[in-house]
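Worksheet: the structure to be examined is printed underneath.
Residue numbers run from 1 in the order of the sequence given.
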Amino acid sequence: MTALRLLLASMLPLAALRAADAPIYQNDFESAEIDKEPEGMLITAGDFKVKQVEGGKVLELPGDPLDSFGLLFGPSQKAGVTASARFFGTKAGRKYPTFGVSLGGVGGYRLQLSPAKKALEIFQGDEGRHSVPFEWDDGSWTSLRIRTRQAPDGWVVEGKAWPAGMPEPEAWTITFPVKEEPSAGRAGIWGSPYSGTLIRFDDLRLALAH
């Protein structure tokens, strides 16, 4: 019995890690209907449609009008989760798009890539809270991940960005400490086609943080 208890105890951390890695929600749009709005999502603004492109289906936001748009996905969750997605955009002259992924509903924390500023930013609602330098690769897919987790003296909001198709970096690119627990809510994706060119989204995922 003692050996069995030791074996079970050694398996607990691995089991907890696997539970944290298991997605609460994920969507690659492959089962979605083309030229339709994605089912089960709350579009706050924007003409989001599922499109067929080379390599599979994606969610697409047109390049006109020049405004900010977003949608919420997955079930509402408390802090202690991570959300990720892939984004594709292009610049036009000196005009650039922005895009991001968020947690905690419309007024929650958002990780935003702002190529015109050469920055990766954390917003709370529409208020910029923190920024770090980041060089965006025009015309390619970029992965973004945001996480909220509890810390000894409060909470931490952190994010990372990397070229899609490359290994995800272990280190977080941007970290922002907060005193109060981040609000509960649904995850979201956001895009602003300020360059007048379309933005594409794919591989939405929501999971427990670890």
Original post:
Between P97 and S195, is any pair of side-chain heavy atoms under 4.5 Å apart?
Top reply: yes
**OP:** Count the heavy atoms of every other residue, nucleotide or ligand shown that sit under 6.0 Å from NZ of K57, and state whether that count exceeds 12.
**Re:** yes
**OP:** Taking the side chain as every heavy atom from C-beta outward, state whether P75 and Q77 have any atom pair closer than 4.5 Å.
**Re:** yes
**OP:** Please round to the nearest 0.5 Å and tell me the distance separating atom CG of L120 and atom CG of L111.
**Re:** 4.5 Å
Original post:
With a cut-off of 6.0 Å (strictly less than), are more than 12 heavy atoms of other residues, nucleotides or ligands near CD of E33?
Top reply: no
Original post:
Hey, any chance V101 and F29 share a hydrophobic cluster, counting ILVMFWY side chains that come within less than 4.5 Å of each other, even indirectly?
Top reply: yes
Subject >> From CD (Q52) to CG (D35), nearest 0.5 Å >> reply: 10.0 Å
**OP:** Taking only Lys NZ, Arg NE, NH1 and NH2, and the carboxylate oxygens of Asp or Glu, determine whether R205 and D203 approach each other closer than 4.0 Å.
**Re:** no
Acceptor/donor pairs from residues 124-135 side chains to any protein atom, 3.5 angstrom cut, sequence neighbours excluded:
{"residue": "Q124", "atom": "OE1", "partner": "R129", "partner atom": "NH1", "Å": "2.2"}
{"residue": "Q124", "atom": "NE2", "partner": "Y109", "partner atom": "OH", "Å": "3.4"}

Subject >> Heavy-atom side-chain proximity of Y194 to K95 below 4.5 angstrom >> reply: no
Original post:
Are Y25 and L59 connected in the hydrophobic side-chain network, where two residues link if heavy atoms are under 4.5 Å apart?
Top reply: yes
Subject >> Sidechain N-carboxylate O distance under 4.0 Å for R86, D202 >> reply: yes
Original post:
With side chains defined as the heavy atoms from C-beta onward, is the minimum distance between L206 and V81 less than 4.5 Å?
Top reply: yes
Original post:
Are side-chain heavy atoms of S143 and W162 found at a separation under 4.5 Å?
Top reply: yes
Subject >> Stepwise side chain to side chain donor-acceptor pair (under 3.5 Å) test for T90 and T197 >> reply: CA-CA 6 Å; T90 57; T197 57; 3.0 Å; yes
Original post:
Do other residues, nucleotides or ligands put more than 12 heavy atoms under 6.0 Å from the CD atom of E30?
Top reply: yes
Subject >> Hydrophobic cluster identity match, V50 and I43, side-chain contacts under 4.5 Å >> reply: yes
**OP:** Using a 4.5 Å cut-off on heavy atoms from C-beta on, say whether the side chain of F73 contacts that of I189.
**Re:** yes
**OP:** Give the cluster check for W141 versus L61: same hydrophobic cluster or not, with ILVMFWY residues linked at side-chain heavy-atom distances below 4.5 Å.
**Re:** no
Subject >> Common cluster, I24/L72, ILVMFWY with side-chain heavy-atom separation under 4.5 Å >> reply: no
Subject >> Test side chain to side chain donor-acceptor pair (under 3.5 Å) applied to S68 and W190, step by step >> reply: CA-CA 7 Å; S68 296; W190 308 87; over 6 Å; no
**OP:** Determine, stepwise, if the pair E121 / I174 fulfils side chain to side chain contact (heavy atoms under 4.5 Å, CB included).
**Re:** CA-CA 8 Å; E121 303 179 283; I174 184 170; 5.5 Å; no
Subject >> Spacing of CZ belonging to R145 relative to OG belonging to S84, to within rounding of 0.5 Å >> reply: 4.0 Å
Subject >> Under-4.0 Å salt bridge between R200 and E60 >> reply: yes
Subject >> Non-hydrogen atoms of P193 and D67 that approach each other most closely >> reply: CD-O, 3.2 Å
Original post:
Between W136 and P163, is any pair of side-chain heavy atoms under 4.5 Å apart?
Top reply: no
Original post:
Would you call L198 and P62 a side-chain contact if the rule is heavy atoms closer than 4.5 Å?
Top reply: no
Subject >> Whether over 12 other heavy atoms sit under 6.0 Å from E168 CD >> reply: yes
Subject >> Aromatic ring proximity F99/F201, centre distance under 6.0 Å >> reply: no
Original post:
Of I122, T82, L103, which is the lone residue that meets side chain to side chain contact (heavy atoms under 4.5 Å, CB included) with I146?
Top reply: L103
Subject >> Qualifying residues under salt bridge (Lys or Arg N to Asp or Glu O under 4.0 Å), relative to E158, sequence neighbours excluded >> reply: R147, R149
